[in-house]
2 protein chains.
Amino acid sequence: MSATLSPASVEPAFRRVALLGVGLIGGSVAAACRLAGCAAHVVGYTPGPDAAEALALGLLDSVASSVAQAVAGADLVVLAVPVSAQQALFNELTPHLGADALVTDCASTKCSAVLAASAALGPALARYVPAHPIAGSERHGPAAARADLFKGALVVVCPQPPNTLSAVQRISDFWRALGGRVVELDAARHDRVFAEVSHWPHAVAFAMCAAIANGDCAEDALRFAGAGLRDTSRIGASSPLLWADILLDNREPVLACAEAFEAEMAALLAALRAGDRQALAACFEPGSRWRRALT
Amino acid sequence: MSATLSPASVEPAFRRVALLGVGLIGGSVAAACRLAGCAAHVVGYTPGPDAAEALALGLLDSVASSVAQAVAGADLVVLAVPVSAQQALFNELTPHLGADALVTDCASTKCSAVLAASAALGPALARYVPAHPIAGSERHGPAAARADLFKGALVVVCPQPPNTLSAVQRISDFWRALGGRVVELDAARHDRVFAEVSHWPHAVAFAMCAAIANGDCAEDALRFAGAGLRDTSRIGASSPLLWADILLDNREPVLACAEAFEAEMAALLAALRAGDRQALAACFEPGSRWRRALT
């Protein structure tokens with residue numbers, strides 16, 4: 001399989017790909033998978049109406065009426081559900097998983113995904129290769145899905161000890177076929193890094209927005225917000241329940257970020273209260289230098 | 001004077017406008033002022049080479065060799081220097097200020113500007129109308145100046161008790177002629193609102209960047225940063241000394257923001273530590289709703 005989108009005439013890498021979850025991410029996996037010709041058939045399942053909508057939108061070849069029906073005969077199963085739904089889904093799919101079927105997922109935390117899989121999959125754990133495609137948008141649902149969502153996007157693949165090299169290779173090739181730039185990281189390191197670059201910034205943006213919303217400047221802040229506040233607070237508009245789940249799911253690494261942040265904030269506020277210009281600027285210097293390196 | 005850019009053939013509102021400071025903001029005031037035809041002559045002064053550079057760039061009609069020379073004969077004096085430099089500049093310009101000359105400024109905090117002016121200007125305080133144009137960029141210096149920097153930008157004008165109505169009217173018209181949308185706010189309210197929408201978000205971004213820079217994920221964070229971290233941290237690249245001055249200058253309102261933020265953060269972390277999904281989502285809800293209203 002080539003690293004770029006392949007013409008549909010190439011022999012598909014998988015006979016039947018089952019998407020469990022076909023919202024923005026699952027629907028985009030389905031669409032990209034069909035465009036890249038890496039599956040002869042793409043079937044989707046959701047408990048609600050999303051799968052039927054995805055079929056109507058042309059993202060899927062067929063819709064299954066249960067997890068069992070979707071997974072039966074699939075040689076690749078892709079989980080694309082919120083982290084909080086993964087454990088139940090692994091439990092439900094395991095009895096129906098084919099003897100050679102591979103499994104991957106899209107969840108934004110990986111240690112908990114591995115834990116959930118370990119508790120359910122048994123020997124099939126060797127064929128589960130965790131992944132986290134770094135793509136998304138503020139929209140959701142199958143109507144927001146796009147075949148090019150993963151084009152040029154980082155996809156972190158987290159090989160785990162029971163994996164065979166061949167399983168890791170085929171799952172990496174799958175994500176590359178969808179347009180992703182595959183990078184390997186250990187699951188624990190993944191969760192630490194993504195706490196820092198994604199989960200903790202969401203917590204900070206939520207707290208900043210809450211302080212404004214609950215204060216006496218909420219109206220004036222809407223009126224006078226410039227680019228600084230707009231950028232800093234943008235992800236504070238994200239879904240509260242979705243992000244409560246993500247933060248809870250990656251609690252320890254997020255709390256480590258909180259501790260480091262609070263130490264910096266304490267130093268900053270001490271310098272501010274003391275009126276110490278040099279100390280205050282010194283608090284800002286390393287971060288300012290780091291941010292200028294982020295091009 | 002019209003609220004839009006006027007043709008240069010209209011009688012100028014001012015004979016001689018003196019710019020004290022001709023960096024990004026002062027240089028842009030000079031260029032917009034000449035374009036709008038609201039001054040017969042625009043003179044600039046800086047202690048360093050900025051004024052000469054601004055003249056070479058065509059932003060000014062002439063360069064003065066001292067504050068005294070710039071201010072002598074001016075019927076409008078515009079201060080465009082960092083907040084920390086305003087007190088010394090008010091002290092220096094006062095003896096040379098014409099009997100009818102108006103004064104305005106561009107500083108991002110207004111109570112301290114009024115205090116500095118009060119200590120220096122004497123009876124001329126009635127002719128100083130504080131202003132804060134909400135415009136800028138990450139660039140600085142006269143080479144970054146643009147005649148359209150204030151086009152459509154909010155300009156907060158803060159009338160103070162000794163001001164004559166005529167002085168407030170003429171200064172408001174001046175900022176409108178430069179393209180600004182003038183809004184009046186009391187100086188104390190201005191400082192409270194801008195602590196909330198600008199100064200405190202900078203402190204938060206600086207602390208977030210410092211925590212990353214000083215932690216063990218600095219390199220990986222550069223590699224895996226997505227749009228969320230990029231936006232949230234962008235203003236953390238700002239100048240440490242400039243922002244140390246602004247935060248110190250508006251210390252009490254900024255500390256009030258810090259207190260409100262820390263209360264929200266404490267509630268968030270308590271819910272996270274307790275594993276309480278509903279409480280965590282409830283912490284996020286008001287801010288998320290507020291941010292969605294910021295269109």
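Below, chains carry the letters A, B, ... as their sequence lines are ordered, and counting in each starts from 1.
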Colleague: Which bit of L247(B) is near chain A, if near means a heavy-atom gap under 4.5 Å: side chain, backbone, both or neither?
Modeller: both

Colleague: With distance as the sole test, does R291(A) use its side chain to make a donor-acceptor pair with the main-chain N or O of C209(B) at under 3.5 Å?
Modeller: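 Not at all, since once roles are kept as given, no pair shorter than 3.5 Å links the two residues.
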
Colleague: How long is the straight-line distance from CH2 of W200(A) back to CD1 of I212(B), given to the nearest 0.5 Å?
Modeller: 11.0 Å

Colleague: Tell me, for C217(B) versus chain A, whether the close heavy atoms (under 4.5 Å) come from the side chain, the backbone, both or neither.
Modeller: both

Colleague: Any side-chain to backbone donor/acceptor pair from S288(B) onto S238(A)? Under 3.5 Å, distance only.
Modeller: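 Side chain of S288(B) to backbone of S238(A): a pair is present.
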
Colleague: Check whether L242(B) gets within reach of chain A through its side chain, its backbone, both or neither, counting any heavy atom under 4.5 Å.
Modeller: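 Neither part, no heavy atoms under 4.5 Å.
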
Colleague: Any side-chain hydrogen bond (donor to acceptor under 3.5 Å, both in side chains) pairs touching residues 201-221 of chain A, not counting sequence neighbours?
Modeller: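 Matches after skipping sequence neighbours: N214(A)-E264(B), D216(A)-R192(B), D220(A)-R189(B).
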
Colleague: Starting at CZ of F194(A), measure out to CZ of F224(B) and round the result to the nearest 0.5 Å.
Modeller: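 That separation rounds to 5.5 Å.
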
Colleague: Name the one of I235(B), D231(B), T232(B) that satisfies side chain to side chain contact (heavy atoms under 4.5 Å, CB included) with D231(A)?
Modeller: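 Answer after filtering I235(B), D231(B), T232(B): D231(B).
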
Colleague: Between A274(B) and chain A, which part of the residue has a heavy atom less than 4.5 Å away: side chain, backbone, both or neither?
Modeller: backbone

Colleague: Within this structure, what is the CD-CG distance for the pair E252(A) and L272(B), rounded to the nearest 0.5 Å?
Modeller: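 Atom-to-atom, E252(A):CD and L272(B):CG are 8.5 Å apart.
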
Colleague: Locate the shortest heavy-atom distance separating P201(B) from L229(A); write the atom from each residue and the value.
Modeller: CG-CD1, 3.8 Å

Colleague: Find the distance between CG (L294(A)) and CZ (R230(B)) and round it off to the nearest 0.5 Å.
Modeller: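 Reported value, rounded in 0.5 Å steps: 4.0 Å.
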
Colleague: Among A205(B), A221(B), A260(B), who wins on heavy-atom pairs under 4.5 Å with chain A?
Modeller: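 Maximum pair count with chain A is reached by A221(B).
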
Colleague: Would you say that V193(B) contacts R223(A) through its side chain, given a criterion of any heavy-atom pair below 4.5 Å between the two side chains?
Modeller: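 No, too far: nothing below the 4.5 Å cut-off.
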
Colleague: Sort by residue number and list every member of residues 106-115 of chain A having a non-hydrogen atom under 4.5 Å from chain B.
Modeller: none

Colleague: Using ring pair (Phe, Tyr, Trp, His ring centres under 6.0 Å) as the criterion, list what pairs up with W290(A), not counting sequence neighbours.
Modeller: none

Colleague: Side chain from CB out, backbone as N, CA, C, O: work out which of these in S233(B) comes under 4.5 Å of a heavy atom of chain A, or both, or neither.
Modeller: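 Contact with chain A: backbone and side chain both.
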
Colleague: For E259(A), is it the side chain, the backbone, both or neither that has a heavy atom under 4.5 Å from a heavy atom of chain B?
Modeller: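 Neither part.
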
Colleague: Could you pull out all residues at least two apart from A279(A) that satisfy side-chain contact (heavy atoms from CB on, under 4.5 Å)?
Modeller: A271(A), D276(A)

